[in-house]
Visitor: 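Sharing a structure with you now.
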Amino acid sequence: MTAMVKAEGVHKSFGAIEVLKGIDLEVAPREVFCLIGPSGSGKSTFLRCINHLEKINVGRLYVDGDLVGYRQQGNRLYELRDREVAAQRRDIGMVFQRFNLFPHMTAVENVMEAPVQVKRESKAVARERALKLLDRVGLADKAGNYPAQLSGGQQQRVAIARALAMEPKLMLFDEPTSALDPELVGDVLDVMRDLAESGMTMIVVTHEMGFAREVGDALVFMDDGVVVETGHPREVLTNPQHERTKSFLSKVL
């Protein structure tokens, strides 16, 4: 079975600062893969490399068997054209820490936008799916509201619906609850739980250890640009093997 995501020796530097120092990991189809670690450990950068928002310096990244951002001829890599990269990104939904909704569009218009612009779907078809997706994330009654009229948690659920509108095979979540008030976190995690149960492959950068424990299939602890420890979430969280993992978890659990 082809891994949904495969990283081989992935390095990424910003100038002289090496942020990823050789990441090797695999994410199976339908798996919920959680990434934890301190700020600055490279988790978000790695996520952004998966859809080529950041270009890697060394190594290989594959999504569903396809090399991300490049094509290989012989031993050489050639960067894909913008159009080809955009086509790869269609299959990868991304939900950011900040919701990045278009402020001048209603919730339903935000969800419709990409299928209409990118897939050239008719507005009627896109609207029908957008309304179903808003219903799925518990916001059917907010379809006509603008982002400024929604709470942070509601905006984040619209952002999830927007990512799902492109019918991706992989969803990336970059600390989707960290900008939210504590009482709004649960609604967003419920939507993510529902997605996991439906079989969506998900990579989640998170500080929500309870979510990782309950919903995750695999957990990676990253620090200083490397994978320190990997395993089943319950195992890693209750019985970490590395001192660095123990030290981190003692502060967050």
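We use all heavy atoms of the structure for the numbers below, so side chains are in, but hydrogens, waters and symmetry mates are not.
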Visitor: Looking only at the side chains, is there a donor atom on one of Asp223 and Ser41 sitting less than 3.5 Å from an acceptor on the other?
Guide: no
Visitor: Between the side chains of Glu229 and Thr245, does any donor sit under 3.5 Å from an acceptor?
Guide: yes
Visitor: Does a side chain donor of either His52 or Gln88 reach within less than 3.5 Å of an acceptor in the other side chain?
Guide: no
Visitor: Less than 4.5 Å apart, side chain to side chain, heavy atoms only: is that true for Gln155 and Gln149?
Guide: no
Visitor: Between Arg98 and Ser178, do the side chains contain an N or O donor and an N or O acceptor separated by less than 3.5 Å?
Guide: no
Visitor: Do the charged groups of Glu84 and Arg71 touch, with an N to O distance under 4.0 Å?
Guide: no
Visitor: Please answer whether the main-chain N or O of Gly37 pairs with a side-chain N or O of Lys43 as donor and acceptor at a distance below 3.5 Å.
Guide: yes
Visitor: May I ask you to decide whether Glu197 forms a salt bridge with Arg193, counting only side-chain N to carboxylate O separations under 4.0 Å?
Guide: no
Visitor: Can you tell me how far the SG atom of Cys49 sits from the CG atom of Leu172, to the nearest 0.5 Å?
Guide: 11.0 Å
Visitor: Does either side chain, that of Glu54 or that of Thr45, offer a donor lying less than 3.5 Å from an acceptor on the other one?
Guide: no
Visitor: Kindly confirm or rule out a cation-pi arrangement of Lys246 over Phe248, judged by NZ or CZ under 6.0 Å from the six-membered ring centre and within 45° of its axis?
Guide: no
Visitor: Out of curiosity, does Phe211 fall in the hydrophobic cluster containing Phe173 (side-chain heavy atoms, cut-off under 4.5 Å, transitive links)?
Guide: yes
Visitor: Below 6.0 angstrom between ring centroids: does that apply to Tyr146 and His104?
Guide: no
Visitor: Would a distance-only check, ignoring hydrogens and angles, find a side-chain to backbone donor-acceptor pair under 3.5 Å from Gln72 to Gly74?
Guide: yes
